[in-house]
Student: 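Mind having a look at this structure? Questions to follow.
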Amino acid sequence: MVDIDPWSSEVSTDYDRIIQQFGLESMPFAEIPNPSMHHRRGIIFAHRDLGNILQAQSRGESFGVMTGLMPSGQMHLGHKMVIDQVRWFQEQGADVTIAVADLEANATRGYSLAECRKVALEEYVANYVAMGLDPERTNIYFQSMRPIVQRMGFTLGKRTNLSEFEAIYGFKGDTNLAHVQAPLVQAGDILHPQLDEYGGLRPIVVPVGVDQDPHLRLCRGLAGKTNWFNVNDRKNGGLRITVSIMDENQSIVAGDKATTKAVFEQIVGALKGLGYSDIMADAKHGIVDLPAATKSDRYPIRMALLTLERSMGGPGLLQPSSTYHRFAIGMTGGKMSSSMPETTIFLNEDLKKMEKKFKRSFSGGQSTVEEHRRLGGNPDIDVAFQYLKFFFEEDDAALEEIRRGYVAGDILSGELKMMTVDKASTWLTELSELREQNAHLVDEFLADDAR
RNA sequence: GGGGGUAUAGUAUAGCCUGGUAGUACUACCGGCUCCAGACCGGUGGAGGGGGGUUCGAAUCCCUCUGCCCCCA
């Protein structure tokens with residue numbers, strides 16, 4: 001995990017470094033249809049394989065968005081950011097799957113499953129309802145009630161080992177094994193929506209903060225290792241498909257010569273459907289070349305091969321896509337953390353408490369009025385401004401006007417705080433009303449196996 | 001299977017040997033300063049894992065359970 005220095009005004013370079021370090025891709029802002037506030041403001045700054053999602057969407061094919069919740073503690077603004085993104089994907093046509101990590105909360109935090117359920121419904125789902133997710137296309141399930149995710153975690157565990165966990169998570173000999181199981185079950189959570197019973201093969205995107213990337217890297221690695229067919233760049237241009245022979249599929253894809261030949265005929269058959277005229281299959285060397293294929297062809301090719309793999313009895317799992325958002329600064333200027341209530345605002349926060357928190361929040365103002373008028377404030381480190389930017393001011397022009405006013409010294413820090421408090425009050429009040437009004441919908445969000 | 005260590009406030013820790021007011025730092029909260037916050041100054045909260053024993057009195061000594069750490073096999 002990379003520490004993100006909240007004091008730094010050179011935030012963008014930090015995030016550039018993260019993109020480098022984590023091997024992420026920058027957000028292709030120009031290609032995002034109907035960009036949200038988070039996209040426009042660069043809050044969502046990177047992704048992995050988002051192209052899969054965008055391609056599926058532009059072709060009118062199905063795609064999904066996945067997230068999870070730990071049913072402990074209260075929902076706060078940090079959670080809102082993720083749900084806003086989930087809702088955006090839903091508005092773009094995604095189906096939504098939400099995992100309640102009750103097994104994990106039970107094993108690592110000592111909550112009973114009954115408590116988990118209560119917290120999940122009353123604290124989390126109630127807010128999802130209020131934040132406008134569509135119950136028709138949202139499925140919330142409990143890990144404990146969907147055994148397939150545990151089974152998948154078990155199976156996927158074959159593709160990794162303790163050394164990798166040590167490297168990714170810093171686990172050591174003293175690590176409780178419940179913490180070792182959790183990421184595997186989580187991989188099951190992320191991948192299982194692709195199963196035929198849960199919507200079938202389609203790209204799934206997981207919006208997260210960068211601190212969650214290790215989970216996704218693991219999950220992508222695990223999924224990739226189960227694939228029977230590889231798609232790689234070909235030296236002379238185009239793409240090359242090779243067959244990955246392992247214990248599980250040896251008898252199916254690599255028996256005698258006749259079997260191998262038949263497999264390659266099937267690969268060619270699957271690719272023909274995509275309209276390539278030049279398919280160079282070489283069963284003897286175990287390769288199929290597509291000289292004319294381009295980078296953007298990877299996705300349809302991959303999907304065709306996964307479909308073929310499934311028809312042959314393989315798991316046919318597509319690596320999940322992901323997007324990465326910046327973290328909002330904590331109220332006190334440091335990190336926002338649910339274990340430190342003074343650093344964030346809860347979605348059911350009392351308005352007076354909220355106001356108090358803003359009044360106490362770190363500012364980017366100067367020491368005296370005179371200095372402030374002369375030098376202006378620094379919105380990059382000013383909590384009130386950052387909260388308008390991340391959460392409460394949807395209007396870009398209005399936000400920019402406030403920013404200019406603050407930088408110019410026309411708006412004092414105290415004034416900016418009051419503006420933010422007003423906005424936050426309105427939002428929290430509306431959210432609370434919506435929670436009440438729509439409480440009856442909570443049940444409709446639950447998957448059949450969660451009722 | 002055997003042996004050793006450890007458990008103190010939200011966090012990090014002192015005190016235990018030699019029983020007698022649980023101390024410190026950060027955090028939190030309140031006040032001052034400040035347009036506000038921070039910094040700074042002043043103040044206020046909050047704690048010995050569970051059970052049992054010894055004792056007038058136990059964080060401290062003993063037993064035990066539980067959690068965590070380590071060593072040997």
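Chain A is the first sequence line, chain B the second, and so forth, proteins listed ahead of strands; every chain is numbered from 1. Everything quoted here is computed from the prediction, not taken from an experiment.
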Student: With a 3.5 angstrom cut-off on both distances, give the Watson-Crick or G-U wobble partner of B:A28, or none if there isn't one.
Tutor: B:U44
Student: Less than 4.0 angstrom from a charged side-chain N to a carboxylate O is my criterion; do A:Asp233 and A:Lys295 meet it?
Tutor: no
Student: How long is the line joining NZ of A:Lys356 and C1' of B:C29, in whole Å?
Tutor: 8 Å
Student: Between B:U54 and B:G45, how far apart are the two C1' atoms, rounded to whole Å?
Tutor: 35 Å
Student: Checking only heavy atoms, does the side chain of A:Lys359 share a donor-acceptor pair with the base of B:C36 at less than 3.5 Å?
Tutor: no
Student: What interatomic distance, in whole Å, is found between P of B:G53 and the corresponding atom of B:C72?
Tutor: 39 Å
Student: Specify the separation, in whole Å, of atom CD of A:Glu371 and atom C1' of B:A39.
Tutor: 13 Å
Student: For B:G38, take OP1 and OP2 only and decide whether either is under 4.0 Å from a side-chain N or O of A:Arg360.
Tutor: yes
Student: Hunt down the Watson-Crick or G-U wobble partner of B:G23, both distances under 3.5 Å, from any strand shown, or write none.
Tutor: B:U13
Student: Could I get the full list of side chain to side chain donor-acceptor pair (under 3.5 Å) partners for A:Glu433, not counting sequence neighbours?
Tutor: none
Student: Counting the atoms with a prime plus P, OP1 and OP2 as sugar-phosphate, which does A:Glu342 contact under 4.0 Å by heavy atoms, base, sugar-phosphate, or nothing?
Tutor: sugar-phosphate
Student: Between B:G2 and B:G57, how far is it from one P atom to the other, in whole Å?
Tutor: 37 Å
Student: In whole angstrom, what separates A:Asn378's CG from B:A37's C1'?
Tutor: 13 Å
Student: Does a donor on one side chain and an acceptor on the other come within less than 3.5 Å for A:Arg48 and A:Tyr324?
Tutor: yes
Student: Closest nucleotide of RNA chain B for A:Met340 versus for A:Gly364: which of these residues is on the 5' side?
Tutor: A:Met340
Student: Roughly how many Å apart are B:G23 and B:U8, using the C1' atom of each and rounding to a whole number?
Tutor: 11 Å
Student: For B:U6 and B:C40, measure between their C1' atoms and round to the nearest Å.
Tutor: 40 Å
Student: Tell me if B:G48 is syn or anti. Syn = glycosidic torsion within 90° of 0, anti otherwise.
Tutor: syn
Student: Would you mind checking if A:Lys423 and A:Glu393 are paired as a salt bridge, meaning a charged N to carboxylate O distance below 4.0 Å?
Tutor: yes
Student: Which part of the nucleic acid, if any, lies within reach of A:Lys357 when heavy atoms closer than 4.0 Å are counted: base, sugar-phosphate only, or nothing?
Tutor: nothing
Student: For B:G57, which nucleotide is its Watson-Crick or G-U wobble mate, given both distances must be under 3.5 Å?
Tutor: none
Student: What nucleotide among B:C35, B:A28, B:A37 has an atom nearest to a side-chain atom of A:Thr332?
Tutor: B:A28
Student: Expressed in whole Å, how much space separates the C1' atoms belonging to B:C30 and B:C17?
Tutor: 41 Å
Student: What interatomic distance, in whole Å, is found between C1' of B:A59 and the corresponding atom of B:A7?
Tutor: 11 Å
Student: Between B:C63 and B:A47, how far is it from one P atom to the other, in whole Å?
Tutor: 29 Å
Student: In whole angstrom, give the distance that lies between atom CG of A:Leu412 and atom P of B:U34.
Tutor: 14 Å
Student: For the residue pair A:Arg217 and A:Phe22, would you count it as a cation-pi contact if the rule is NZ or CZ under 6.0 angstrom from the ring centre and within 45 degrees of the ring axis?
Tutor: yes
Student: Please say whether the positively charged group of A:Arg202, taken as NZ for Lys or CZ for Arg, lies over the ring of A:Phe63, i.e. under 6.0 angstrom from the six-membered ring centre and within 45 degrees of the axis.
Tutor: no
Student: Across all strands, who's sitting opposite B:A7 as a Watson-Crick or G-U wobble pair, both distances under 3.5 Å?
Tutor: B:U66
Student: Using atom CZ of A:Arg374 as one end and atom P of B:C35 as the other, report the distance to the nearest whole Å.
Tutor: 13 Å
Student: If you only use heavy atoms from C-beta on, which nucleotide in B:C35, B:U27, B:A37 is closest to the side chain of A:Thr368?
Tutor: B:C35
Student: Hunt down the Watson-Crick or G-U wobble partner of B:C33, both distances under 3.5 Å, from any strand shown, or write none.
Tutor: none
Student: Let's see if you can work this out: which of B:C35, B:A37, B:U27 has an atom nearest to the side-chain heavy atoms of A:Val369?
Tutor: B:C35
